[in-house]
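Computation of the quantities below employed the complete heavy-atom set of this structure, encompassing side-chain atoms and omitting hydrogens, waters and symmetry-equivalent molecules.
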Protein chains: 4
Amino acid sequence: MNDRSPRSRLARPTGPVLLPPNVAAEGTRRRILEGALLLFAREGFHASSMRDLARIVELQPSAVYVHFPSKEHLLAELVRAGHEAHQGGLRAALLEAGLDPLDQLRALVAAHVRLHAAFPHLATVVNTEMASLSPDLAAPGLALRKQSMALLVDILARGAASGRFALAHATVTAAAISALGQSVPAWYAPGPGLDVDALVEASVELAVRMVGAQPGPR
Amino acid sequence: MNDRSPRSRLARPTGPVLLPPNVAAEGTRRRILEGALLLFAREGFHASSMRDLARIVELQPSAVYVHFPSKEHLLAELVRAGHEAHQGGLRAALLEAGLDPLDQLRALVAAHVRLHAAFPHLATVVNTEMASLSPDLAAPGLALRKQSMALLVDILARGAASGRFALAHATVTAAAISALGQSVPAWYAPGPGLDVDALVEASVELAVRMVGAQPGPR
Amino acid sequence: MNDRSPRSRLARPTGPVLLPPNVAAEGTRRRILEGALLLFAREGFHASSMRDLARIVELQPSAVYVHFPSKEHLLAELVRAGHEAHQGGLRAALLEAGLDPLDQLRALVAAHVRLHAAFPHLATVVNTEMASLSPDLAAPGLALRKQSMALLVDILARGAASGRFALAHATVTAAAISALGQSVPAWYAPGPGLDVDALVEASVELAVRMVGAQPGPR
Amino acid sequence: MNDRSPRSRLARPTGPVLLPPNVAAEGTRRRILEGALLLFAREGFHASSMRDLARIVELQPSAVYVHFPSKEHLLAELVRAGHEAHQGGLRAALLEAGLDPLDQLRALVAAHVRLHAAFPHLATVVNTEMASLSPDLAAPGLALRKQSMALLVDILARGAASGRFALAHATVTAAAISALGQSVPAWYAPGPGLDVDALVEASVELAVRMVGAQPGPR
DNA sequence: TATGAATGAGTCTTCATTCAT
DNA sequence: AATGAATGAAGACTCATTCAT
């Protein structure tokens with residue numbers, strides 16, 4: 001899972017995988033993206049300077065512009081990648097789930113939480129720095145985000161309609177489940193105390209409780 | 001939706017109450033604090049310039065420094081006020097609740113959510129910009145935050161110990177309940193569709209479900 | 001010689017006498033002058049702010065303007081006082097000396113050095129900060145300075161003409177004697193190792209040697 | 001009196017040599033250093049702004065920071081260069097002098113005065129603006145200064161011990177000789193009236209008289 | 001006589017970005 | 001693909017000074 005292969009002595013191994021597999025970038029371009037991700041996640045977009053980034057990736061500031069046209073485009077690329085990975089992860093999970101809304105909820109929440117645990121930096125940047133994007137560059141992400149939320153809302157609606165869920169309040173429940181995942185990068189660090197699978201399992205259980213799942217058909 | 005009534009030019013009405021009652025500032029100092037709150041919440045601390053702030057409060061940038069020694073101190077003051085209001089709100093709620101952990105949970109969650117709904121700008125700033133504070137200025141807030149979390153964790157622990165709660169996982173549950181309130185400013189706006197009381201009620205219900213509350217003693 | 005009398009509890013005794021007797025200022029005005037003297041001597045005129053000064057004299061910056069119209073006028077006052085004290089000191093010394101150029105030289109150098117040892121802060125300010133004065137405010141000081149130099153040059157000239165001195169070079173000698181005194185504040189601090197009288201005596205001896213004094217008439 | 005010959009607009013002739021040979025800087029970096037030297041010498045460090053400097057060297061203020069990290073570092077570089085040139089000049093002179101303290105004194109004073117006459121701007125900055133340096137940046141210069149003074153003090157001590165000198169007072173004599181050179185930039189300008197060689201010769205003679213040199217061995 | 005709030009110009013420095021090489 | 005020098009705007013903050021009280 002960690003593909004660090006021996007590289008030239010100039011290589012700067014990045015340790016854990018920071019970017020999801022849907023990011024195609026390689027070489028310097030990828031290093032810049034990873035540096036920006038780390039930097040933006042740690043300092044925030046506006047507190048990060050191109051000089052800081054250049055230092056991290058051991059390049060001159062001007063060299064960054066060979067690969068990305070602006071600081072904002074860097075952020076846009078990360079936000080886009082993050083949203084697509086998220087959306088892709090949710091859709092893939094739903095595809096493997098059956099038609100039962102409860103199964104679908106379990107699958108969706110598991111994927112949602114797992115993604116936030118696996119890519120905490122990216123999730124942080126996506127969730128806290130999208131406001132720093134101009135409307136044009138933010139639009140695609142916003143659309144994906146809306147779709148992801150719709151996925152959850154739809155499951156809740158169908159579960160409620162079928163009597164499978166006893167919702168306290170659809171919107172509030174959706175928000176709570178969404179927040180459950182989004183808050184993960186803020187507090188969770190994988191470790192012996194709580195591994196990712198246990199985190200996911202507990203989160204799923206909480207979601208199931210929140211929707212007031214009724215005894216199933218079977 | 002904008003209820004600012006026509007007043008004298010000098011009045012500079014601030015519309016809704018932005019700052020909790022524990023903020024003692026008056027006059028220009030208060031106006032600066034409110035302007036900073038609005039600005040920091042909307043743009044983020046690092047994206048907000050003292051020039052912007054000065055423009056908002058209709059002062060020269062240098063005049064802001066008559067009242068606050070630095071931009072960071074402005075943020076620190078807001079963060080401090082926010083944390084104290086939050087802590088105070090939680091403690092007051094607990095004081096009125098009985099000894100039953102479930103009652104305490106209800107009271108705590110209600111206060112937590114209500115505060116986030118009543119002071120969304122302040123909550124946003126406190127939750128997203130504390131990292132912009134130097135360790136010295138951040139410390140008091142961090143301490144309060146820890147205490148607030150301990151309040152919740154403690155209730156969960158006592159409820160679990162007494163058999164009143166059937167927790168899926170204490171830490172995850174605490175995080176989920178905390179996130180439930182913290183996410184409110186990001187999506188909720190009081191309106192006919194969902195008033196604050198309904199939001200609070202639904203939130204409390206979700207928390208109760210999350211802890212797996214068992215039929216009470218009586 | 002130190003006239004510190006008991007004053008109100010607000011009084012801030014200034015310790016050693018910083019200003020020569022020809023400075024008439026009293027009360028707050030004097031305290032400001034002394035504070036400015038200390039500050040300008042320590043930090044330099046341009047590195048000293050009115051806020052710093054106000055802090056030193058425990059006043060608000062605006063209160064300083066009640067006594068002096070500007071920062072530059074403060075400096076001008078000090079420079080004027082310094083030059084007048086210097087000039088006065090030299091003239092008084094000459095008055096007591098006889099007609100012999102060597103006696104006059106002794107008297108002049110003694111006064112010159114003694115004044116620099118007695119009022120080192122003032123001498124420092126006068127010698128290093130006069131360039132910070134606008135031509136208008138600098139003019140009186142410049143004139144006095146010229147006169148003081150003329151006093152020395154004249155003695156040298158008369159001594160040379162009468163065969164009493166065997167000068168190496170009139171201008172260079174005058175400069176060296178002048179510098180001999182002016183450098184005192186930079187290195188000398190009264191103490192057991194070298195008291196003022198010894199400093200003065202040694203300095204006079206050096207000057208006498210520099211002019212190549214010949215065996216006297218008698 | 002102004003010998004700048006007509007050259008291309010871009011040449012920005014600097015006229016006389018302002019910096020000693022031990023300053024390696026070239027191109028823009030050197031121009032900045034020279035501009036800063038002129039400016040600091042004329043206005044004083046604190047009265048000189050980076051804008052002023054940028055205007056002098058025909059650059060944007062920000063471009064100065066490409067070459068020097070701060071205004072203070074500019075000063076530090078000048079002070080360092082000045083001290084090293086001074087120290088180097090003194091040592092070189094002593095190397096060529098024999099073992100006789102009187103010869104050594106002559107050599108030392110000649111070098112001391114000649115350097116101050118040759119690089120008056122640098123000497124001015126070194127002597128008057130070192131106090132504007134933070135302790136860290138001032139330390140190297142302070143150390144060199146101490147060594148230079150020790151060179152003189154040592155010669156005096158040896159001359160006195162050997163009976164070659166009849167000192168009035170070692171410390172005062174050393175201070176006077178030192179001041180003799182340091183005061184040069186304040187009053188001396190090379191010209192037909194007094195050329196550098198004559199200045200040096202006269203200065204050496206004054207120093208010789210000050211130490212009370214006795215008839216030599218030969 | 002002194003204060004507290006305010007001003008407008010200025011401080012040093014950093015920013016994202018460009019461009020010739 | 002990358003550099004080093006440069007730009008012009010903007011950053012936070014300080015300055016000397018004013019003025020109503």
Would you say E:dA6 has OP1 or OP2 under 4.0 Å from some side-chain N or O of B:Gln60?
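Indeed not, no polar side-chain atom of B:Gln60 lies that close.
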Phosphate oxygens OP1/OP2 of E:dA6: is one of them under 4.0 Å from a side-chain N or O of B:His67?
yes
Choosing from E:dT3, E:dA6, F:dA6, which nucleotide comes nearest the side chain of D:Thr28?
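Of the options given, the side chain of D:Thr28 lies nearest F:dA6.
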Which nucleotide, in any strand shown, forms a Watson-Crick or G-U wobble pair with F:dT21, with both distances under 3.5 Å?
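Result: E:dA2.
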Can you tell me the Watson-Crick or wobble partner of F:dT14, both distances under 3.5 angstrom?
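F:dT14 is paired, partner E:dA9.
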Roughly how many Å is it from [atom1] in [X] to [atom2] in [N], rounded to a whole number?
X       : N      : atom1 : atom2 : value
B:Leu53 : F:dC13 : CG    : C1'   : 14 Å
B:Glu26 : E:dG4  : CD    : C1'   : 16 Å
D:Leu59 : E:dT13 : CG    : P     : 16 Å
C:Glu58 : E:dG4  : CD    : P     : 14 Å
D:Arg31 : F:dA5  : CZ    : C1'   : 12 Å
C:Leu74 : F:dC15 : CG    : P     : 16 Å
B:Phe40 : F:dA12 : CZ    : C1'   : 12 Å
B:Leu75 : F:dA12 : CG    : C1'   : 15 Å

After noting the C-alpha distance and the side-chain angles of B:Val79 and B:Glu129, does the key distance pass the side-chain contact (heavy atoms from CB on, under 4.5 Å) rule?
CA-CA 8 Å; B:Val79 166; B:Glu129 304 295 349; 5.8 Å; no
B/S/- along nucleotides 14-21 of chain E (protein heavy atoms under 4.0 Å) is BBBBBB--
I'd like to know whether C:Val64 forms a side-chain contact (heavy atoms from CB on, under 4.5 Å) with C:Leu74, so could you lay out the CA-CA distance, the side-chain angles of the two residues, the decisive distance to 0.1 Å, and finally the verdict.
CA-CA 10 Å; C:Val64 176; C:Leu74 259 168; 4.3 Å; yes
Of C:Leu19, C:Val57, C:Leu18, which is the lone residue that meets side-chain contact (heavy atoms from CB on, under 4.5 Å) with C:Leu33?
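Between C:Leu33 and the candidates, side-chain contact (heavy atoms from CB on, under 4.5 Å) is satisfied uniquely by C:Leu19.
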Is any side-chain heavy atom of C:Lys71 closer than 4.5 Å to a side-chain heavy atom of C:Phe45?
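Result yes, sub-4.5 Å side-chain heavy-atom pair found.
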Answer yes if the side chains of D:Thr124 and D:His121 hold a donor-acceptor pair under 3.5 Å, and no otherwise.
no
Going by atom types alone, do D:Ser134 and D:Glu72 pair a side-chain donor with an acceptor below 3.5 Å?
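Per modelled atom types, D:Ser134 and D:Glu72 side chains form a pair under 3.5 Å.
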Salt-bridge present (C:Glu34, C:Arg31; N to O < 4.0 Å)
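Salt bridge between C:Glu34 and C:Arg31, a charged N being under 4.0 Å from a carboxylate O: no.
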